[in-house]
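Data block below; observations after.
Quick note: numbers below take in every heavy atom, side chains included, and nothing from hydrogens, waters or symmetry partners. Protein chains get the first letters and strands the later ones, always in sequence-line order, with residue 1 at the start of each. Given the structure is predicted, the values throughout are model-derived calculations rather than measurements.
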Amino acid sequence: MSLAKARTMPGVMELLPLDQIAFQTMMETIRRNFERFGFLPIETPAIEFTDVLLTKSGGETERQVYFVQSTGSLQKGDDPTLALRFDLTVPLARYVAEHEHDLSFPFRRYQMQRVYRGESAQRGRFREFYQCDIDVIGKDQLSVRYDAELPAVIHSIFRELNVGAFTLQLNNRKILRGFFERLGVTDGEQQMQVLREVDKIDKRGAAAVRQTLTAEPFSLPAEQADAIMAFVAQRSSSHDSALAMLEALGGGNTTLEAGIAEMREVLTLLKALGVPEAFYLLNFSIARGLDYYTGTVFETILTAHPEIGSVCSGGRYENLASHYTKSRLPGVGVSIGATRLFYQLREAGLIGTARSSVQAMVAMLDDADLPLYLELAGQLRAAGINTEVQLEPKKLGKQFQYADRAGIRFVLMLGTDEKAKGVVAIKDMWRQEQFEVERAELTRTLRVEIEQSEAMPKVKTP
RNA sequence: GUGGGAUUAGCUCAGCUGGUUAGAGCAUCGGAUUGUGAUUCCGAGGGUCGUGGGUUCGAGUCCCAUAUUCCACCCCA
């Protein structure tokens with residue numbers, strides 16, 4: 001009988017325990033910061049009704065949705081009525097519409113769950129991945145001030161994740177649309193198309209984008225294309241220069257003027273929120289591909305690793321849940337793709353293998369003394385130390401090898417010599433040192449050692 | 001959905017224009033006096049060369065098909 005090949009489908013991330021600990025450490029940092037800024041947790045089911053999920057989108061998302069069907073329904077040949085969620089924003093819209101009367105507005109929620117997309121496999125692209133979303137949903141209206149609060153949360157998270165310098169890149173779609181309108185590109189659909197092209201400028205290069213804009217189907221006159229290219233090439237270098245960029249735009253139509261006013265308020269509040277100006281800039285080429293963004297848009301780029309692209313992005317949308325309720329529910333949100341972020345940080349060498357969550361291991365020196373070892377482990381656990389006991393007699397060398405591979409730092413030995421002296425030997429696998437402590441002092445000493453070890457960076461870089 | 005690469009040991013790969021029993025590094029397992037790992041030394045196991053067909057005296061190597069996988073575009077986190 002041939003064995004089935006043990007494998008996973010492409011596009012899923014599966015980690016070894018120490019990497020899983022590093023991933024969870026990252027997730028805890030994100031969660032802690034979400035909560036620190038006053039966001040509330042929710043979870044929604046992985047499976048939703050297809051008519052709920054497939055409202056807003058047309059071709060592209062539908063192509064990527066996994067439909068879910070019971071075998072019975074499949075055999076009857078029914079069309080699937082269920083599907084796996086492909087993001088957390090659509091389920092949020094459904095959630096808010098469904099629970100509208102039980103929620104307090106503005107509703108500030110965070111959500112960290114897996115989503116599913118039928119992507120073709122590629123590096124850093126996953127079919128199952130974690131999204132960590134925060135959104136603020138208002139009833140009828142929501143102040144643009146919230147658009148400044150979200151980047152402040154993101155700043156707090158990435159600073160704590162210790163991934164080096166990064167910049168929050170901001171823009172406002174009203175500025176882009178208003179500018180295009182002033183230039184004479186007035187058709188809404190064409191504005192969208194131009195937005196999408198302009199958004200690729202950092203990836204494809206300015207020359208290629210200009211080429212696309214002047215060619216079919218855009219066929220923009222050279223002067224228009226040049227004006228657009230000159231406009232979107234602008235980046236601010238400081239808080240004041242960002243304000244000056246806005247000032248220099250002038251006016252001309254209500255869309256443009258509204259965008260400038262919004263952007264100015266966001267920048268001002270970002271500063272007031274205490275985000276140092278080195279961490280944010282105004283970038284007129286940021287547009288985002290998604291259709292539903294209407295105002296502020298943002299992306300986050302790691303300074304040392306621009307090739308990674310945006311590690312966190314989002315923006316402002318009007319009327320999130322128009323498909324489910326007649327209430328007007330505007331919102332602003334950002335999403336961190338945690339799976340891709342972790343994967344790319346690891347590729348870039350910014351995240352190494354974590355230490356084990358097991359803090360101490362009691363070695364087995366004599367099979368007959370097992371009850372003694374169990375008692376010792378009980379003491380440690382009662383003191384809050386994560387402890388593992390060797391339950392099978394093995395050569396001591398093997399036990400050390402096991403501890404080393406498992407990433408366990410402290411190995412405790414209580415054998416004939418130690419019993420006679422009333423001590424426990426502690427071997428520090430990292431420092432390659434060994435010392436003895438009185439049994440009564442054991443938990444206290446070990447706690448000190450572990451605390452010192454915690455004070456060092458959580459994660460060893462390779 | 002459109003286009004391009006790749007497939008040889010658990011992993012990363014070598015194998016020149018077809019020529020005997022297909023190799024290396026890492027990993028795994030065992031040993032180097034019975035309470036000390038990761039370093040060193042010695043040894044061992046492990047492959048129907050993705051699958052099916054064809055050309056040939058002879059195919060890992062050439063041709064066709066198929067599967068799988070990766071990359072670029074599209075789109076996105």
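B:C62 and B:U17 have their P atoms separated by 8 Å, with the value rounded to a whole Å. Rounded to a whole angstrom, the distance from the C1' atom of B:G47 to that of B:C13 is 14 Å. Taking atom P in both B:A6 and B:C63, the straight-line distance is 11 Å, to the nearest Å. Atom C1' of B:A38 sits at a distance of 44 Å from the matching atom of B:G4, rounded to the whole Å. With C1' as the reference atom, B:C16 and B:A9 are 23 Å apart, rounded to whole Å. Taking atom P in both B:U40 and B:G23, one finds a spacing of 25 Å when rounded to whole Å. B:U48 and B:G60 have their P atoms separated by 14 Å, with the value rounded to a whole Å. Annotation: B:U8 and B:C74 have their P atoms spaced 31 Å apart (nearest Å).
A straight line from CD1 of A:Ile408 to C1' of B:G37 spans 12 Å, rounded to a whole angstrom. Counting to the nearest Å, the P atom of B:C75 and the CZ atom of A:Arg288 are 12 Å from each other. Atom P of nucleotide B:U34 and atom CD of A:Gln399 are separated by 15 Å, given to the nearest angstrom. A:Asp404 has its CG atom 4 Å from the C1' atom of B:A38, to the nearest Å. Note: CG (A:Leu412) to C1' (B:U36) measures 14 Å, nearest angstrom. Atom CE of A:Met27 is separated from atom P of B:A77 by 16 Å (rounded to the nearest Å). If you take CZ of A:Arg125 and C1' of B:A72, they are 11 Å apart, rounded to a whole angstrom. Distance CZ (A:Arg405) to C1' (B:C26): 13 Å, rounded to an integer number of Å.
A donor-acceptor contact closer than 3.5 angstrom links the side chains of A:Arg31 and A:Tyr110. The closest side-chain donor-acceptor pair between A:Asp133 and A:Gln111, if any, does not fall under 3.5 angstrom.
Ion pairing between a basic and an acidic side chain is recognised when a charged N comes within 4.0 Å of a carboxylate O; A:Lys200 and A:Glu197 show such pairing.
Nucleotide B:U55 is matched to nothing when pairs are restricted to Watson-Crick or G-U wobble geometry with both distances under 3.5 angstrom. Figure legend. B:G46 is base-paired to no nucleotide; pairs are counted as Watson-Crick or G-U wobble with both atom distances under 3.5 Å. Across all strands shown, B:C74 forms no Watson-Crick or G-U wobble pair with both key distances under 3.5 Å. If you check B:A67 for Watson-Crick or wobble pairing at under 3.5 angstrom, you find it paired to B:U7. As the counterpart of B:A22, no nucleotide is assigned, since no Watson-Crick or G-U wobble pattern has both distances under 3.5 Å.
For a distance-only test at 3.5 Å, the side chain of A:Arg117 fails to qualify as a donor-acceptor partner of the base of B:C75. Side-chain N/O atoms of A:Gln434 and base N/O atoms of B:U36 include a donor-acceptor pair closer than 3.5 Å. For A:Arg196 against B:C75, no side-chain N or O and base N or O form a donor-acceptor pair under 3.5 Å. No hydrogens or angles were tested; on distance alone, a donor-acceptor pair under 3.5 Å links the side chain of A:Glu418 to the base of B:G35.
More than 12 heavy atoms of other residues, nucleotides or ligands lie within 6.0 Å of CZ in A:Phe126, so this atom counts as buried by the packing criterion.
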Would you please test A:Val411 and A:Ile426 for side-chain contact (heavy atoms from CB on, under 4.5 Å) and show each step? CA-CA 6 Å; A:Val411 177; A:Ile426 301 176; over 6 Å; no
Criterion ring-ring contact (aromatic ring centres under 6.0 Å, His included) on A:Phe166 and A:Phe158, from CA distance to verdict: CA-CA 8 Å; A:Phe166 59 92; A:Phe158 279 89; 5.8 Å; yes
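A:Gly415 comes within contact range of at least one nucleobase, with a heavy-atom separation under 4.0 Å. Nucleic acid contact class of A:Thr416 (heavy atoms, under 4.0 Å, all strands): base. A:Lys200 comes within 4.0 angstrom of the backbone, heavy atoms only, and of no base.
Ring-plane geometry between A:Phe180 and A:Phe231 is classed as perpendicular, the angle between the planes exceeding 60 degrees on a 0 to 90 degree scale with a lower cut at 30. Relative ring orientation between A:Tyr292 and A:Tyr317 is described as perpendicular, the plane-to-plane angle rising above 60° on a 0-90° scale split at 30° and 60°.
Of the candidates B:A77, B:C70, B:U36, the closest approach to any side-chain atom of A:Phe126 belongs to B:A77. Which of B:C70, B:A38, B:A32 sits closest to the side chain of A:Pro10 comes down to B:C70. Ranking B:A38, B:G35, B:A77 by closeness to the A:Leu365 side chain, first place goes to B:G35. The side chain of A:Arg340 has B:C76 as its nearest neighbour among B:A32, B:C76, B:G37. Minimum atom distance to the side chain of A:Lys398 is reached by B:G30, of the listed B:A77, B:G30, B:G37.
Residue ring and base: A:Tyr402 does not count as stacked with B:G37 (centre distance below 5.5 Å and interplanar angle below 30° not both satisfied).
Along RNA chain B, the nucleotide nearest to A:Lys427 and the one nearest to A:Ser335 differ in position, and the one closer to the 5' end is contacted by A:Lys427. Judged by closest nucleotide on RNA chain B, A:Gly11 is the one of A:Gly11 and A:Gly124 placed further toward the 5' end.
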